[in-house]
Amino acid sequence: MSVQGPVYLRWRAGRPLPEEERFETADDALDAVEARWESLQHQAPQLLDARRVLLLSTAELAAVVAESQEGPAEGD
């Protein structure tokens, strides 16, 4: 993903307002999502751009994480 930052990871941690974490690039944010997927997957994570416009929804993040966990395809 080539979006330059800041990029925000937003999730619901059981509070009325969502939690947010700021990253310099979308790749950094995706790395954090993959590393914390076990806890984030049930907290509606989303990636937002600098204007807080949705870049990746929870379903899209789930697909990205699933693809990364499968590893590279044969021939890659």
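Counting begins at 1 with the first residue of the sequence.
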State, yes or no, whether a side-chain contact exists between [X] and [Y] at a heavy-atom distance under 4.5 Å.
{"X": "V64", "Y": "E67", "result": "no"}
{"X": "S39", "Y": "W11", "result": "no"}
{"X": "V65", "Y": "L30", "result": "no"}
{"X": "L56", "Y": "Q46", "result": "no"}
{"X": "E60", "Y": "L47", "result": "no"}
{"X": "D27", "Y": "V7", "result": "no"}

Working to the nearest 0.5 angstrom, can you tell me the gap between T58 OG1 and R12 CZ? 10.5 Å
Sorted by first residue and then second, give each salt bridge (Lys or Arg N to Asp or Glu O under 4.0 Å) pair with at least one member in residues 33-48; sequence neighbours left out. E21-R36
With the 4.5 Å side-chain cut-off for hydrophobic clustering, are L54 and Y8 part of the same group? yes
Would L55 end up clustered with V33 when hydrophobic side chains under 4.5 Å apart are linked, directly or stepwise?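 Yes; V33 is reachable from L55 via cluster members.
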Between the main-chain N or O of A66 and the side-chain N or O of Q69, is there a donor-acceptor pair closer than 3.5 Å?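 No, the answer is negative, given that no donor and acceptor are paired below the 3.5 Å cut-off.
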A32 to F23 - nearest heavy-atom pair and separation: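 That would be CB-CZ, 3.5 Å.
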Only counting residues at least two apart or in another chain, list the ones meeting side chain to side chain donor-acceptor pair (under 3.5 Å) with D31. none
